[in-house]
Amino acid sequence: MTSVVRAGHLAPYFKASAPVVSNGLKLVAAVPTPVDKLVASPLPITSTVQSLHGALPVQGLKPKCSTRAPFQVRFAHSDIAVPDFSAYRRKETQDPRTKAEENVDQRQSFTYLIAGVGSMAGAYAAKSVVTQFVSSMSAAADVLALAKIEINLAEIPEGKSVTFKWRGKPLFIRHRTADEIATEKAVPIETLRDPQSDEQRTQDPKWLVIIGVCTHLGCVPVANAGDFGGYYCPCHGSHYDASGRIRKGPAPLNLEVPPHVFNEGLLIVG
């Protein structure tokens, strides 16, 4: 045996098998392996008997030889613990004798219930988020307080146009005379750039309520001015009549009429 261990041509095989034999695992089977399938480690630089003996891990190694063929040692890891998932399984499915078809309806009902509850909760959460987002973009309390304006019409004499501020815009209130009303009603609609009758623009013929912003570039027209006795925009030369309709100049549309109602001598705009 000493001669076998010290043989130079066997040193690579004993060195390669040393970590396999000495790891303490349980032996299962010894399978013969052809010589051409073995992988040998490179030989040491020196090939003296002393250098080969020092390179071999002879501690705890019991080599065996065979006259037929080299053999390979295989080990089985039989000490691995199999995980137990019984705590995560339903009680009705822990028995291996239970068929899956026996409780499939109950499991589907539970799945549908969870999906329905989750969908309702998600829809309610989405509704809350959208509501909060839309509410954050709404007007502040001070702006809402100016959303409506009340005007005492008794303070505006006939033939005069008074300017108020409503929602940050100039508001023109005109107390028209009988001649102005008759003149505006007699204007042919087909001759207007933005065809509107005087009845469509006024609730009470005596009162004209319009927003004083020119429809051309947003300038503020001048009341009781222009070629038609209504409003005139000096910035670009737009002329409006006493009904707020565009009659001459670059403005494309009539002056806007805001929503308003009359209530016992009061004009409520907004």
Original post:
What distance separates I210 CD1 from T202 OG1, expressed to the nearest 0.5 Å?
Top reply: 11.5 Å

Original post:
Under a 4.5 Å cut-off applied to non-hydrogen side-chain atoms, are Y232 and D227 in contact?
Top reply: no

**OP:** Check whether any side-chain N or O of N254 sits under 3.5 Å from a backbone N or O of D194 as a donor-acceptor pair, and report yes or no.
**Re:** yes

Original post:
Of all heavy-atom pairs between H236 and P250, which one has the smallest distance, and what is that distance?
Top reply: O-CD, 3.3 Å

Subject >> Check against side-chain contact (heavy atoms from CB on, under 4.5 Å), L255 and V213 >> reply: CA-CA 7 Å; L255 295 178; V213 177; over 6 Å; no

Original post:
Is there a path from V209 to F172 through hydrophobic residues (I, L, V, M, F, W, Y) whose side chains come within less than 4.5 Å of each other?
Top reply: no

Original post:
At their closest point, which heavy atom of S197 faces which heavy atom of I189, and how far apart are they?
Top reply: CB-CD1, 3.6 Å

Original post:
Atom NZ in K148, atom CZ in R167: separation rounded to 0.5 Å?
Top reply: 9.0 Å

Original post:
Distance from I151 atom CD1 to W207 atom CH2, nearest 0.5 Å?
Top reply: 9.5 Å

Subject >> Atom pair CZ/OG1 of R247 and T191 - distance to nearest 0.5 Å >> reply: 6.0 Å

Subject >> Lys/Arg N to Asp/Glu carboxylate O, E184 vs R176, below 4.0 Å >> reply: no

Original post:
Say you draw a straight line from CD1 of I173 to CG of L267; how long is it, rounded to the nearest 0.5 Å?
Top reply: 5.0 Å

Subject >> Smallest separation among heavy atoms of P205 and K185, with atom names >> reply: CG-NZ, 4.4 Å

**OP:** Please answer whether the main-chain N or O of A251 pairs with a side-chain N or O of R193 as donor and acceptor at a distance below 3.5 Å.
**Re:** yes

Subject >> Separation between OH of Y231 and CD1 of I246, rounded to the nearest 0.5 Å >> reply: 13.5 Å

**OP:** Decide whether V187 and Y240 are clustered together by the hydrophobic rule: side chain heavy atoms of Ile, Leu, Val, Met, Phe, Trp, Tyr closer than 4.5 Å, transitively.
**Re:** no

Subject >> Nearest non-hydrogen partners of L253 and T215, listed with the distance >> reply: O-OG1, 2.7 Å

Original post:
Side chain of R245, backbone of Q196: donor and acceptor closer than 3.5 Å?
Top reply: yes

Original post:
Going by atom types alone, do S243 and D198 pair a side-chain donor with an acceptor below 3.5 Å?
Top reply: yes

Subject >> Heavy-atom pair with the smallest gap, counting every atom of H239 and G237 >> reply: CD2-O, 3.4 Å

**OP:** Group every Ile, Leu, Val, Met, Phe, Trp and Tyr by side-chain heavy-atom contacts under 4.5 Å, then state whether V269 and I156 land in the same group.
**Re:** yes

**OP:** Kindly check if the number of other-residue, nucleotide or ligand heavy atoms within 6.0 Å of CD (E264) is above 12?
**Re:** no

Original post:
Nearest heavy-atom pair of C214 and P221: which atoms, and what distance?
Top reply: N-CD, 3.9 Å

Original post:
Hey, does L171 have a side-chain heavy atom less than 4.5 Å from the side chain of P258?
Top reply: yes

Subject >> Aromatic ring pairing H260/F262, orientation class (parallel under 30°, perpendicular over 60°, tilted between) >> reply: perpendicular

Original post:
Going through the checks in order, is the side-chain contact (heavy atoms from CB on, under 4.5 Å) test met by V162 and H175?
Top reply: CA-CA 9 Å; V162 183; H175 191 175; over 6 Å; no

**OP:** Establish whether L208 and V220 are linked, either directly or via other cluster members, by ILVMFWY side-chain heavy-atom contacts under 4.5 Å.
**Re:** yes

